[in-house]
Number of protein chains: 2
Amino acid sequence: MNKERIPEAVIRRLPKYFRYLKEMEERGAVRVSSSKMSRDLGFNASQIRRDLNCFGGFGQQGYGYSVPKLRSEIARIMGLNREHTVAVIGAGNIGQALVSYDRFAREGFKVAAIFDVAPGRIGQEAGGQRIRPLSELEEFVKKTPVEIGVICTPQSAAQDTADLLVRLGFRGIWNFAPIDVQVPAGVSLENVHLNDSLYVLAYRLRAESSEI
Amino acid sequence: MNKERIPEAVIRRLPKYFRYLKEMEERGAVRVSSSKMSRDLGFNASQIRRDLNCFGGFGQQGYGYSVPKLRSEIARIMGLNREHTVAVIGAGNIGQALVSYDRFAREGFKVAAIFDVAPGRIGQEAGGQRIRPLSELEEFVKKTPVEIGVICTPQSAAQDTADLLVRLGFRGIWNFAPIDVQVPAGVSLENVHLNDSLYVLAYRLRAESSEI
DNA sequence: TAGATTGTTAATCGATTAACAATC
DNA sequence: TAGATTGTTAATCGATTAACAATC
């Protein structure tokens with residue numbers, strides 16, 4: 001077990017391990033070796049053992065890893081062993097889709113409420129939730145603590161929304177606006193950037209077609 | 001200019017350069033230096049010069065880079081100087097949100113059609129498009145060539161959908177299902193993994209709270 | 001010309017992979 | 001015990017950063 005800072009690359013691989021182990025467990029597997037994981041996930045076996053050892057010695061020489069134990073350890077490391085509460089800011093297409101997307105709820109991320117500023121949207125329904133006026137957010141979080149704010153506003157409102165969420169004590173921000181919002185240290189942030197992903201795809205299409 | 005393979009890390013930074021230069025151009029900036037970009041983007045200035053030099057010597061000693069020229073070069077490199085056609089497979093929450101999201105259309109990614117298999121969805125409207133039966137996809141792409149397929153199906157149908165898209169000659173796949181789909185060489189693929197991003201956020205929340 | 005800034009080589013840093021002793 | 005596989009150190013690889021000559 002390594003007590004140093006966890007490299008970003010390792011953190012980004014944790015969800016892959018988790019998804020893999022969850023599937024293995026559902027299929028009834030009880031043990032797995034780093035070499036089997038290597039074959040299935042396409043990561044180097046040394047890398048897998050090294051990654052897992054950042055968090056503790058979960059394996060056993062000569063045997064490998066216990067699938068249920070390793071899955072539950074990784075869930076614990078990622079904080080997936082408890083529920084998270086989420087508030088969605090912006091009830092446009094993406095905001096509504098996220099509220100309606102039951103997969104997140106099934107994985108423990110519960111949408112407590114969805115907010116918007118547009119009078120035409122306030123009061124409408126989205127995913128079984130009444131869309132509330134953003135002006136009620138402050139009061140709402142006083143009654144119902146919420147950890148994660150999801151920014152689904154237009155780009156122009158994204159940074160202001162982030163500032164508001166920080167001021168109201170949100171501890172994590174999941175940003176879908178196509179801009180890197182800035183938050184102070186202590187607030188966790190994931191900028192999603194769907195656009196960037198599409199741009200990278202366009203790049204590859206162009207590169208594939210022009211290089212041969 | 002460097003004729004070797006472009007590192008993945010450089011490709012992932014291209015969208016950031018593009019967004020930045022677009023904004024600079026809209027504000028009327030005509031020149032920019034690597035050191036100014038470094039301050040604004042938070043990348044090292046050497047890295048920026050090195051990145052841009054992968055594709056060509058776009059700068060001028062003593063002056064820097066022309067904003068409009070660099071923006072248009074990067075647009076060309078990423079294939080953003082032309083339109084792309086897109087078909088969305090799966091008219092659930094995310095599929096419908098993507099069809100309705102006009103930002104993609106504004107950036108040159110036009111949704112030609114949206115498909116589903118559920119009788120309850122077929123014939124309904126989403127973002128001004130009639131939802132078509134997936135069985136019509138083959139016929140559709142014969143008449144209207146489509147480059148990019150967007151997988152918005154449930155996880156269980158994702159790989160089959162990818163296989164179908166490959167068979168029908170799609171050149172790029174943008175996958176929103178929470179699984180790494182496999183495609184043969186020559187087909188470009190971006191797995192989005194919204195879940196993974198949320199898991200990483202949960203990890204950081206947990207790490208922030210337990211390390212101090 | 002003098003000043004500025006690129007393009008590019010060299011140095012550093014960090015991440016990945018290989019190797020193997022420890023041990024179940 | 002013998003075989004298997006981890007945990008961990010050492011070697012390699014690649015990406016980032018620093019330095020500076022080239023040159024506008």
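Letters A, B, ... are given to chains in the order of the sequence lines, protein chains preceding strands, and every chain is numbered from 1.
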Colleague: Kindly determine whether B:Glu8 and A:Arg204 satisfy salt bridge (charged side-chain N to carboxylate O under 4.0 Å, His left out), including the steps that lead there.
Modeller: CA-CA 11 Å; B:Glu8 177 73 13; A:Arg204 289 195 212 286; 3.1 Å; yes

Colleague: Let me have a per-nucleotide readout for nucleotides 11-21 of chain D, 5' to 3', with B, S or -, counting only protein heavy atoms under 4.0 Å.
Modeller: ----SBBBB--

Colleague: Quick check with a 6.0 Å cut-off and a 45 degree axis cone: is B:Arg31 positioned over the face of B:Tyr65's six-membered ring?
Modeller: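 Because its charged atom misses either the 6.0 Å distance or the 45° angle limit, B:Arg31 does not stack over B:Tyr65.
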
Colleague: Which base, if any, makes a Watson-Crick or G-U wobble pair with D:dA22, both distances under 3.5 Å?
Modeller: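 When the pairing criteria are applied, C:dT5 turns out to be the nucleotide that pairs with D:dA22.
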
Colleague: Inspect the contact between A:Arg106 and A:Glu83 and indicate whether a charged nitrogen and a carboxylate oxygen are less than 4.0 angstrom apart.
Modeller: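 Salt bridge flag = no for A:Arg106 with A:Glu83.
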
Colleague: Could you walk me through whether A:Trp174 and A:Phe109 pass the ring pair (Phe, Tyr, Trp, His ring centres under 6.0 Å) check?
Modeller: CA-CA 12 Å; A:Trp174 200 24; A:Phe109 295 86; 7.7 Å; no

Colleague: For A:Ser34 and D:dT6, is the shortest distance between a side-chain N/O and OP1 or OP2 below 4.0 Å?
Modeller: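 Checking D:dT6 against A:Ser34, a side-chain N or O does come within under 4.0 Å of OP1 or OP2.
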
Colleague: Give a yes or no on whether a salt bridge exists between A:Arg12 and B:Asp196, defined as a side-chain N under 4.0 angstrom from a carboxylate O.
Modeller: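 B:Asp196 and A:Arg12: not salt-bridged.
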
Colleague: Any luck finding a side-chain donor-acceptor pair between A:Glu107 and B:Asn195 under 3.5 Å?
Modeller: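 Per modelled atom types, A:Glu107 and B:Asn195 side chains form a pair under 3.5 Å.
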
Colleague: So does B:Asn53 get a side-chain nitrogen or oxygen closer than 4.0 Å to the phosphate oxygens (OP1/OP2) of C:dT8?
Modeller: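 Affirmative; the distance criterion is met.
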
Colleague: Should A:Tyr65 be listed as having a side-chain N or O under 4.0 Å from OP1 or OP2 of D:dG7?
Modeller: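 Yes, because at least one side-chain N or O of A:Tyr65 sits under 4.0 Å from OP1 or OP2 of D:dG7.
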
Colleague: With both distances under 3.5 angstrom, what nucleotide forms a Watson-Crick or G-U wobble pair with C:dT12?
Modeller: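 Paired with D:dA15.
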
Colleague: Remember a base hit wins even if backbone is also touched, and classify B:Ser35 as base, sugar-phosphate or nothing at under 4.0 Å, heavy atoms.
Modeller: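 Here B:Ser35 touches no strand at all.
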
